[in-house]
Amino acid sequence: QTKGVQKQKKSKVKGQYRQDLTPEQKQEIKEAFDLFDSEGTGTIDVNDLKVALRALALSLANKEIKTLTDNLQSNNQSNDDEHDKSKTIDFNDFLEILTTKMSEKDSVDQLKKAFILFSGNKPFITLDDLRDVANELGENMSDDELKEMLHEASKADGEEVTEANFLTILNAMGGGS
(Lines give C-alpha, C1' and ligand atoms only; values in the text may rest on other atoms or scores of the structure.)
Protein backbone atom coordinates (compact mmCIF):
# COMPACT_ATOMS: atom_id res chain seq x y z
CA GLN A 1 0.00 0.00 0.00
CA THR A 2 2.87 2.40 0.63
CA LYS A 3 4.61 1.53 -2.62
CA GLY A 4 6.01 4.68 -4.20
CA VAL A 5 5.13 6.81 -1.19
CA GLN A 6 8.11 8.33 0.55
CA LYS A 7 7.42 9.01 4.20
CA GLN A 8 8.95 12.16 5.58
CA LYS A 9 10.22 12.32 9.12
CA LYS A 10 8.36 14.57 11.46
CA SER A 11 9.73 16.52 14.38
CA LYS A 12 7.74 17.52 17.40
CA VAL A 13 8.14 21.20 18.23
CA LYS A 14 6.05 23.22 20.66
CA GLY A 15 3.27 20.63 20.67
CA GLN A 16 3.03 20.45 16.87
CA TYR A 17 4.35 17.93 14.42
CA ARG A 18 6.23 19.31 11.50
CA GLN A 19 7.90 17.81 8.51
CA ASP A 20 11.65 17.77 8.24
CA LEU A 21 12.86 19.65 5.20
CA THR A 22 14.42 17.92 2.23
CA PRO A 23 18.12 18.55 1.52
CA GLU A 24 17.03 20.67 -1.47
CA GLN A 25 14.79 22.83 0.73
CA LYS A 26 17.58 23.25 3.29
CA GLN A 27 19.97 24.28 0.52
CA GLU A 28 17.47 26.83 -0.79
CA ILE A 29 17.08 28.25 2.72
CA LYS A 30 20.87 28.40 3.19
CA GLU A 31 21.24 30.27 -0.10
CA ALA A 32 18.56 32.78 0.93
CA PHE A 33 20.27 33.23 4.32
CA ASP A 34 23.67 33.73 2.68
CA LEU A 35 22.27 36.47 0.43
CA PHE A 36 21.49 38.53 3.53
CA ASP A 37 24.65 37.53 5.39
CA SER A 38 26.78 39.48 2.93
CA GLU A 39 29.62 39.99 5.44
CA GLY A 40 29.80 36.29 6.26
CA THR A 41 29.19 36.81 10.00
CA GLY A 42 26.82 33.85 10.27
CA THR A 43 23.95 36.13 11.29
CA ILE A 44 21.38 38.32 9.59
CA ASP A 45 19.48 41.32 10.87
CA VAL A 46 15.90 40.55 11.88
CA ASN A 47 14.78 43.37 9.59
CA ASP A 48 16.04 41.30 6.66
CA LEU A 49 14.00 38.31 7.79
CA LYS A 50 10.76 39.52 6.18
CA VAL A 51 12.47 40.05 2.83
CA ALA A 52 14.15 36.64 3.05
CA LEU A 53 10.82 34.99 3.84
CA ARG A 54 9.23 36.69 0.84
CA ALA A 55 12.07 35.41 -1.35
CA LEU A 56 11.10 31.91 -0.23
CA ALA A 57 7.41 32.52 -1.07
CA LEU A 58 6.36 32.89 2.58
CA SER A 59 4.93 36.16 3.74
CA LEU A 60 4.30 36.94 7.38
CA ALA A 61 2.90 39.96 9.13
CA ASN A 62 5.36 42.12 11.08
CA LYS A 63 3.66 41.08 14.33
CA GLU A 64 4.19 37.38 13.55
CA ILE A 65 7.85 37.97 12.68
CA LYS A 66 8.33 39.86 15.95
CA THR A 67 6.68 37.02 17.91
CA LEU A 68 8.90 34.44 16.21
CA THR A 69 12.09 36.40 16.81
CA ASP A 70 11.11 37.25 20.40
CA ASN A 71 10.53 33.54 21.04
CA LEU A 72 13.95 32.72 19.61
CA GLN A 73 15.62 35.43 21.69
CA SER A 74 13.88 34.28 24.89
CA ASN A 75 14.85 30.66 24.11
CA ASN A 76 18.46 31.75 23.71
CA GLN A 77 18.22 33.54 27.10
CA SER A 78 20.38 36.45 26.05
CA ASN A 79 20.78 39.07 28.78
CA ASP A 80 23.18 41.07 26.68
CA ASP A 81 21.72 44.56 26.05
CA GLU A 82 23.84 44.96 22.90
CA HIS A 83 22.35 41.74 21.50
CA ASP A 84 18.82 43.02 22.13
CA LYS A 85 19.60 46.25 20.26
CA SER A 86 21.13 44.55 17.24
CA LYS A 87 18.46 41.81 16.94
CA THR A 88 20.19 39.32 14.70
CA ILE A 89 19.50 35.67 14.10
CA ASP A 90 21.87 32.92 13.08
CA PHE A 91 21.28 30.27 10.44
CA ASN A 92 19.91 27.72 12.95
CA ASP A 93 17.29 30.24 14.12
CA PHE A 94 16.48 31.07 10.50
CA LEU A 95 16.15 27.38 9.66
CA GLU A 96 13.90 26.85 12.70
CA ILE A 97 11.54 29.64 11.59
CA LEU A 98 11.45 28.43 7.99
CA THR A 99 10.89 24.79 8.92
CA THR A 100 7.95 25.80 11.10
CA LYS A 101 6.42 28.14 8.51
CA MET A 102 6.91 25.74 5.58
CA SER A 103 5.30 22.92 7.58
CA GLU A 104 2.31 25.12 8.36
CA LYS A 105 1.94 25.88 4.66
CA ASP A 106 2.21 22.14 3.89
CA SER A 107 -0.42 21.37 6.53
CA VAL A 108 -2.97 23.68 4.93
CA ASP A 109 -2.22 22.20 1.51
CA GLN A 110 -2.70 18.68 2.92
CA LEU A 111 -6.01 19.65 4.53
CA LYS A 112 -7.22 21.11 1.25
CA LYS A 113 -6.30 17.87 -0.51
CA ALA A 114 -8.20 15.92 2.17
CA PHE A 115 -11.25 18.14 1.58
CA ILE A 116 -11.13 17.33 -2.14
CA LEU A 117 -10.96 13.61 -1.33
CA PHE A 118 -13.97 13.91 0.98
CA SER A 119 -16.02 16.12 -1.34
CA GLY A 120 -15.25 14.44 -4.64
CA ASN A 121 -13.97 17.79 -5.97
CA LYS A 122 -17.23 19.61 -5.13
CA PRO A 123 -17.22 22.88 -3.12
CA PHE A 124 -18.88 21.09 -0.16
CA ILE A 125 -19.13 17.75 1.66
CA THR A 126 -22.54 16.06 1.82
CA LEU A 127 -24.02 13.21 3.87
CA ASP A 128 -23.38 10.85 0.94
CA ASP A 129 -19.71 11.93 0.85
CA LEU A 130 -19.32 11.27 4.58
CA ARG A 131 -21.05 7.91 4.25
CA ASP A 132 -18.69 6.93 1.39
CA VAL A 133 -15.60 7.94 3.38
CA ALA A 134 -16.82 6.10 6.51
CA ASN A 135 -17.43 2.96 4.45
CA GLU A 136 -14.01 3.20 2.77
CA LEU A 137 -12.39 3.47 6.21
CA GLY A 138 -14.40 0.51 7.51
CA GLU A 139 -16.24 2.70 10.04
CA ASN A 140 -19.72 1.48 10.89
CA MET A 141 -21.59 4.74 11.47
CA SER A 142 -25.33 5.32 11.36
CA ASP A 143 -26.84 8.07 9.25
CA ASP A 144 -27.83 9.83 12.48
CA GLU A 145 -24.17 9.92 13.59
CA LEU A 146 -23.07 11.20 10.19
CA LYS A 147 -25.84 13.83 10.15
CA GLU A 148 -24.73 15.00 13.60
CA MET A 149 -21.16 15.36 12.29
CA LEU A 150 -22.42 17.38 9.32
CA HIS A 151 -24.56 19.57 11.54
CA GLU A 152 -21.65 20.30 13.91
CA ALA A 153 -19.32 21.06 11.02
CA SER A 154 -21.64 23.06 8.78
CA LYS A 155 -22.50 25.81 11.30
CA ALA A 156 -25.75 26.31 9.40
CA ASP A 157 -28.44 23.96 8.16
CA GLY A 158 -26.44 20.78 8.63
CA GLU A 159 -26.68 19.74 4.99
CA GLU A 160 -23.21 20.60 3.66
CA VAL A 161 -19.72 21.40 4.92
CA THR A 162 -17.74 24.01 3.03
CA GLU A 163 -13.97 23.94 2.65
CA ALA A 164 -13.66 26.90 5.04
CA ASN A 165 -15.65 25.05 7.74
CA PHE A 166 -13.64 21.88 7.12
CA LEU A 167 -10.31 23.73 7.53
CA THR A 168 -11.53 25.60 10.62
CA ILE A 169 -12.63 22.41 12.35
CA LEU A 170 -9.47 20.46 11.58
CA ASN A 171 -7.23 23.34 12.59
CA ALA A 172 -9.12 23.65 15.87
CA MET A 173 -8.57 19.94 16.45
CA GLY A 174 -4.85 20.34 15.84
CA GLY A 175 -4.88 18.75 12.41
CA GLY A 176 -3.35 21.76 10.73
CA SER A 177 -1.31 24.81 11.46
Mark yes or no for whether D37, through its side chain, and G42, through its backbone, hold a donor-acceptor pair below 3.5 Å.
->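 Indeed, once roles are kept as given, a pair shorter than 3.5 Å links the two residues.
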Within the distance-only criterion (no hydrogens, no angle test), does the side chain of D129 pair as donor or acceptor with the backbone N or O of T126 below 3.5 angstrom?
->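 Yes: the side chain of D129 pairs with the backbone of T126.
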Euclidean distance, [Y] [atom2] relative to [X] [atom1], rounded to 0.5 Å:
X    : Y    : atom1 : atom2 : result
T99  : K26  : OG1   : NZ    : 7.0 Å
F118 : F124 : CZ    : CZ    : 15.5 Å
M141 : E148 : CE    : CD    : 10.0 Å
L111 : I116 : CG    : CD1   : 11.5 Å
F91  : E96  : CZ    : CD    : 11.5 Å
T88  : L49  : OG1   : CG    : 11.5 Å

Would you say the side chain of [Y] lies within less than 4.5 Å of the side chain of [X], judging by non-hydrogen atoms?
X   : Y   : result
F33 : I44 : yes
I89 : F94 : yes
F36 : D45 : no

Could you report the tightest heavy-atom contact between [X] and [Y], atom names first, then the distance?
X    : Y    : answer
A134 : L146 : CB-CD2, 4.4 Å
L130 : M149 : CD1-CB, 4.2 Å
K147 : L127 : CE-CD2, 3.8 Å
I125 : F166 : CD1-CD1, 3.7 Å

Atom CG of N140: over 12 foreign heavy atoms under 6.0 Å = no
Using a cut-off of 6.0 Å, state whether more than 12 heavy atoms not belonging to K30 lie near its atom NZ.
-> yes
Is there a path from L117 to L150 through hydrophobic residues (I, L, V, M, F, W, Y) whose side chains come within less than 4.5 Å of each other?
->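 Different clusters: L117 never reaches L150 through Ile, Leu, Val, Met, Phe, Trp or Tyr contacts under 4.5 Å.
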Who are the side chain to side chain donor-acceptor pair (under 3.5 Å) partners of K112, not counting sequence neighbours?
-> none
